[in-house]
Amino acid sequence: MAPHDRTPPSDASSAPDASELVDFAVDLTSQEVLRRAQVMAALGPDWDPMEVLLGEEAAYDLLYSGLDAEQQRLYDDLVAAGVLPSRGDGRAAA
């Protein structure tokens, strides 16, 4: 046992009753509010979630654009297997 752990009593009469429950609760509300405030402060006032989402979609379109026939076949197989989400009409962007 680690030094900070209490050694269980060897005498059963001095052991606490196992049927007694101890109420243990931790309220993390204030820490969560602080964490969220710090995240928003780090993002800054100019952060636009819709712009970020549109940028990510444009990046995915670019990533899957200009595929040759073999790459397109592999892309279609990955979409059919559920590894990649279907995009647009089910074909990679041209």
Side-chain angles (χ1 to χ4, degrees):
M1 291 188 140
H4 59 276
D5 291 340
R6 291 188 297 159
T7 305
S10 57
D11 180 5
S13 64
S14 64
D17 184 5
S19 65
E20 293 180 33
L21 297 178
V22 176
D23 185 29
F24 181 78
V26 177
D27 183 7
L28 297 176
T29 305
S30 62
Q31 286 84 4
E32 180 61 14
V33 170
L34 178 61
R35 184 193 68 80
R36 288 182 184 192
Q38 290 171 338
V39 167
M40 294 307 292
L43 290 172
D46 298 328
W47 180 68
D48 181 4
M50 287 306 297
E51 183 180 333
V52 171
L53 181 60
L54 292 174
E56 288 179 4
E57 289 297 318
Y60 277 115
D61 288 342
L62 184 59
L63 178 65
Y64 297 115
S65 66
L67 301 180
D68 64 27
E70 177 63 18
Q71 292 169 332
Q72 184 66 53
R73 184 196 60 76
L74 182 58
Y75 172 84
D76 293 338
D77 289 347
L78 291 172
V79 169
V83 175
L84 292 174
S86 179
R87 301 188 60 78
D89 62 358
R91 306 288 294 170

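Reckoned from all heavy atoms, side chains included, excluding hydrogens, waters and symmetry mates. What you are looking at is a predicted structure, and each value in this text was computed from that prediction instead of being measured. Residues: numbered from 1 along the sequence shown.
The shortest distance between side-chain heavy atoms of Trp47 and Met40 falls below 4.5 Å.
Distance check: Arg36 CZ to Gln38 CD gives 13.0 Å after rounding to the nearest 0.5 Å. Separating the OG atom in Ser86 from the CG atom in Leu78 is a distance of 12.5 Å, to the nearest 0.5 Å.
Take Arg35 and apply the side-chain hydrogen bond (donor to acceptor under 3.5 Å, both in side chains) test, not counting sequence neighbours, and it matches Glu32.
Each of Met50 and Val52 belongs to its own hydrophobic cluster when Ile, Leu, Val, Met, Phe, Trp and Tyr are linked at side-chain heavy-atom distances under 4.5 angstrom. Following chains of ILVMFWY side-chain contacts shorter than 4.5 Å, one can reach Val83 starting from Tyr64, so the two form part of one hydrophobic cluster. Note on Val39 and Leu34: separate hydrophobic clusters, where clusters join Ile, Leu, Val, Met, Phe, Trp and Tyr whose side-chain heavy atoms are under 4.5 Å apart, directly or indirectly. Under the 4.5 Å side-chain contact rule for hydrophobic residues, Leu74 and Leu84 share a cluster. The cluster map of Ile, Leu, Val, Met, Phe, Trp and Tyr, joined by side-chain heavy atoms under 4.5 Å apart, puts Val22 and Val26 in different clusters.
Listed by first and then second residue, the salt bridge (Lys or Arg N to Asp or Glu O under 4.0 Å) pairs involving residues 40-58 are Glu57-Arg87 (not counting sequence neighbours).
When all heavy atoms of Asp77 and Arg73 are compared, the closest pair comes out as OD2-NH1, 2.6 Å.
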